There are 2 protein chains.
Amino acid sequence: MDLKALRMFVDLAKSLHFAKTAELHHVSPSTLSRIIQRLEHEVGSSLLHRDNRTVVLSEAGKQYGKFAEQQLEQWQILQLSLNQKQAELQGKLHIYCSVTAAYSHLPPLLERFRQQHPLVEIMLTTGDAADALEQVEKQAVDFAIAARPEQLSRIFNFHHLAEIPLSVIAPTMICQVQQQLQQAFLWSEIPIILPEHGPARKRFELWFRKKQQGKANIYATVSGHEALVSMVALGCGVGIVPQVVVENSPVKERVDYLTNVGEIEPFELGVCCLNQSKDQPLIKAFFESIK
Amino acid sequence: MDLKALRMFVDLAKSLHFAKTAELHHVSPSTLSRIIQRLEHEVGSSLLHRDNRTVVLSEAGKQYGKFAEQQLEQWQILQLSLNQKQAELQGKLHIYCSVTAAYSHLPPLLERFRQQHPLVEIMLTTGDAADALEQVEKQAVDFAIAARPEQLSRIFNFHHLAEIPLSVIAPTMICQVQQQLQQAFLWSEIPIILPEHGPARKRFELWFRKKQQGKANIYATVSGHEALVSMVALGCGVGIVPQVVVENSPVKERVDYLTNVGEIEPFELGVCCLNQSKDQPLIKAFFESIK
DNA sequence: TGTAGTGTTGCTAAAAACGCAATATAAAAT
DNA sequence: ATTTTATATTGCGTTTTTAGCAACACTACA
């Protein structure tokens with residue numbers, strides 16, 4: 001009986017609709033169904049009568065709903081009371097990250113921080129992941145969600161978040177590139193699309209050198225992984241990007257992963273700030289909230 | 001943040017002692033430590049100051065303690081209110097099980113039932129596991145926690161609970177049996193202690209026949225697995241018993257498991273009642289609460 | 001009778017939790 | 001001052017739990 005389950009139940013009791021409630025909470029309907037089953041088992045009686053088409057609250061369900069709301073309210077009160085001290089902290093916090101990271105990795109980090117420091121204003125700048133460290137260095141932002149380069153200058157403080165696997169992607173559509181890949185081919189003949197700079201480019205160079213097939217046929221260089229996926233989807237060539245960028249891309253149906261093309265070392269994604277500023281109250285509080 | 005964690009925190013806040021609290025709740029100290037860490041992470045501040053030797057509540061911890069007690073109280077209120085209808089159910093319920101099952105398997109079953117039907121009086125009879133079905137058949141009890149025999153009469157209703165592995169145990173102490181086992185030996189020479197009857201005896205006969213070493217040298221037959229462990233511990237011979245009996249035995253330090261002695265088919269442990277009585281309200285309610 | 005909408009269940013893969021054993025540290029004892 | 005004891009935490013392998021997909025079962029409605 002955790003808070004998430006209670007929230008879901010409260011919402012479900014309002015909407016009386018599993019699918020919608022599940023979507024609202026970013027879980028699959030089956031998960032929600034099982035969560036409710038767990039609750040029912042815990043209290044020892046069924047909370048909802050469902051006849052496979054409609055859902056209504058049982059008497060126990062109504063009581064449970066009130067209970068759940070009370071519990072959640074008390075939790076909120078506790079939060080408020082505990083955060084009063086921390087709430088003194090206020091100001092602006094500038095964050096830089098890629099569009100993709102903003103979707104995939106930032107939300108859970110910010111959620112806790114915002115809860116603990118509601119008065120702090122978050123300013124989010126999105127852009128090419130490769131520019132992240134530069135932004136931090138020139139103090140345009142307080143910190144960035146960034147991939148760790150092989151050589152990380154001493155001036156930075158880096159906190160590990162996750163490993164980001166890279167993949168080689170190719171267009172799904174019928175085009176010249178597609179046909180080349182179908183046949184026997186030399187990598188030096190395949191047009192390749194690359195990031196202008198940054199760790200992803202480094203990864204590519206390392207990977208291509210291993211193939212020992214001469215010079216790469218670079219079709220274009222772009223800034224920003226998101227744009228790179230689009231280029232590939234349009235059939236311009238193949239590219240290397242983080243899988244998570246593809247998953248969140250609106251054109252993900254139009255690219256395929258190439259398998260058996262050799263290992264590509266994954267990114268190490270993390271939160272990066274200047275060492276000199278890591279003791280500033282806001283930045284310190286942020287690192288505190290994510291560790 | 002589930003109820004168990006809250007209960008543990010409340011107790012810990014009183015005792016200020018991890019090891020004792022952990023034991024009280026039947027978990028290892030490390031588990032408790034991690035549970036508290038989880039709570040602290042959830043609220044975003046430390047609840048206890050510990051300097052590796054002493055534990056004191058932090059300010060946040062005090063507030064959290066109050067919160068936890070409130071939450072638990074509301075849960076109790078909910079329980080009470082939901083159980084009012086079911087509480088109409090009252091009477092006596094006679095249960096039979098072995099001493100060991102009373103420790104190891106019964107508590108979790110009864111806990112839910114008692115919560116849901118507080119007015120029902122539980123009458124527990126412990127005894128030799130092998131007598132369980134007999135007790136049910138002659139209606140001395142309402143149901144029993146029992147091992148399923150190969151042939152289960154149609155008059156019984158059986159609900160599976162768990163697989164109980166059997167083991168061959170021998171005395172740890174230096175004695176004749178011990179020495180025999182150390183050397184090359186024939187199984188027909190080793191003194192063996194057996195249950196008088198019941199599934200465990202059947203298992204033994206099956207197992208011994210596989211060895212094809214003639215007739216077993218049966219030193220003694222006893223009724224009740226618990227007594228059997230004692231006999232083995234005293235050095236009278238080797239025996240076959242459920243592992244769980246050994247684990248709960250006060251003399252478990254004085255017996256060893258024999259390995260590489262062949263497979264013994266495990267018990268199927270379950271709840272067993274008469275088919276004719278499975279629709280009685282109390283018995284039905286019990287099965288409901290454990291399924 | 002077919003079709004779309006809805007909740008549940010079987011199954012497998014991933015994640016979380018557990019407990020043991022080792023570790024760290026501080027108080028108490030020698 | 002050094003050893004012993006008491007206590008909480010951490011590393012790690014194992015077990016248990018949970019999530020989500022896909023298939024299913026059922027119902028309303030066209």
Side-chain angles (χ1 to χ4, degrees), chain A residues 1-9 11-42 46-58 61 104-105 108 160-165 243-244 247 266 291, chain B residues 1-9 11-42 46-58 61 104-105 108 161-165 243-244 247-248 252-253 266 291:
Chain A
M1 193 218 64
D2 63 342
L3 295 171
K4 277 185 202 158
L6 292 186
R7 290 198 193 96
M8 290 191 206
F9 180 82
D11 279 355
L12 178 59
K14 281 182 194 146
S15 70
L16 296 175
H17 195 295
F18 276 75
K20 284 176 193 161
T21 308
E23 192 174 10
L24 194 63
H25 289 263
H26 308 108
V27 296
S28 72
S30 64
T31 297
L32 177 60
S33 174
R34 294 242 236 276
I35 286 174
I36 301 299
Q37 284 170 18
R38 274 202 286 281
L39 292 184
E40 290 181 323
H41 190 254
E42 271 179 358
S46 48
L47 303 173
L48 302 157
H49 294 305
R50 37 269 220 219
D51 60 351
N52 252 329
R53 194 80 181 86
T54 49
V55 177
V56 288
L57 277 176
S58 71
S104 61
H105 287 85
H160 175 91
L161 279 181
E163 300 269 297
I164 306 290
Q243 275 169 30
V244 59
E247 299 309 328
K291 84 167 177 210
Chain B
M1 192 218 65
D2 64 341
L3 295 171
K4 277 185 203 158
L6 292 186
R7 290 197 194 98
M8 291 192 206
F9 180 81
D11 278 356
L12 178 59
K14 282 181 194 142
S15 72
L16 296 177
H17 195 294
F18 275 76
K20 285 176 193 162
T21 308
E23 192 175 9
L24 194 63
H25 289 262
H26 309 108
V27 297
S28 71
S30 65
T31 297
L32 178 61
S33 173
R34 287 216 173 67
I35 285 174
I36 301 299
Q37 284 170 18
R38 275 202 285 282
L39 292 183
E40 290 181 321
H41 191 253
E42 270 179 0
S46 49
L47 303 172
L48 302 156
H49 293 306
R50 36 256 217 235
D51 59 350
N52 250 331
R53 192 80 177 82
T54 49
V55 177
V56 287
L57 278 174
S58 71
S104 60
H105 288 86
L161 278 182
E163 301 268 297
I164 306 289
Q243 274 169 31
V244 59
E247 300 308 330
N248 286 289
K252 76 168 169 181
E253 315 303 336
K291 82 165 180 215

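Naming: A, B, ... by sequence-line order, numbering from 1 per chain. Since we're looking at a predicted model, the values are computed, not measured. These values consider heavy atoms only, across backbone and side chains, with no hydrogens, waters or symmetry-generated copies.
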In this structure, how many angstroms lie between the C1' atom of C:dA16 and the CG atom of B:D2, rounded? 12 Å
Please state whether the phosphate of D:dT10, meaning OP1 or OP2, lies under 4.0 angstrom from any side-chain nitrogen or oxygen of B:R34. no
Tell me which of B:L12 and A:T31 sits closer to the 5' end of DNA chain D, going by the nucleotide each one is nearest to. B:L12
A:S46 versus A:S58, side-chain donor and acceptor atoms under 3.5 Å: no
Please determine whether a side-chain nitrogen or oxygen atom of A:Q37 lies at a distance below 4.0 Å from atom OP1 or OP2 of C:dT9. yes
How long is the straight-line distance from CD1 of A:I36 back to CZ of A:R34, given to the nearest 0.5 Å? 13.0 Å
Expressed in angstrom and rounded to an integer, what is the separation of B:E23 atom CD from C:dC18 atom P? 17 Å
Whole-Å distance, A:I35 CD1 to D:dT18 P, equals 9 Å
Nearest-0.5 Å distance, CG of residue B:L57 to CZ of residue B:R50: 10.5 Å
Can you check whether B:S28 has a side-chain N or O nearer than 4.0 Å to OP1 or OP2 of C:dC20? no
Does a nitrogen or oxygen in the side chain of B:R38 sit under 4.0 Å from OP1 or OP2 of C:dA17? yes
Is there a side-chain polar atom (N or O) of B:S30 under 4.0 Å from OP1 or OP2 of C:dG19? no
C:dG19 P sits how many Å from B:H26 NE2, rounded? 12 Å
Round to a whole Å and report the spacing from CD of B:E40 to C1' of D:dT9. 12 Å
For a quick test of reading the model: is some side-chain N or O of A:H17 closer than 4.0 Å to OP1 or OP2 of C:dG7? yes
Using whole Å, what does the distance between atom C1' of nucleotide D:dT16 and atom NZ of B:K4 come to? 12 Å
Kindly indicate, with the supporting measurements, whether the criterion side chain to side chain contact (heavy atoms under 4.5 Å, CB included) is fulfilled by A:L32 and A:H25. CA-CA 9 Å; A:L32 177 60; A:H25 289 263; over 6 Å; no
In whole angstroms, the gap separating C1' of D:dT10 from CD1 of B:I36 amounts to 16 Å
When rounded to whole Å, the CZ to C1' distance for the pair B:R50 and D:dA6 reads 17 Å
More than 12 heavy atoms from other groups under 6.0 Å of CD on B:E42: yes
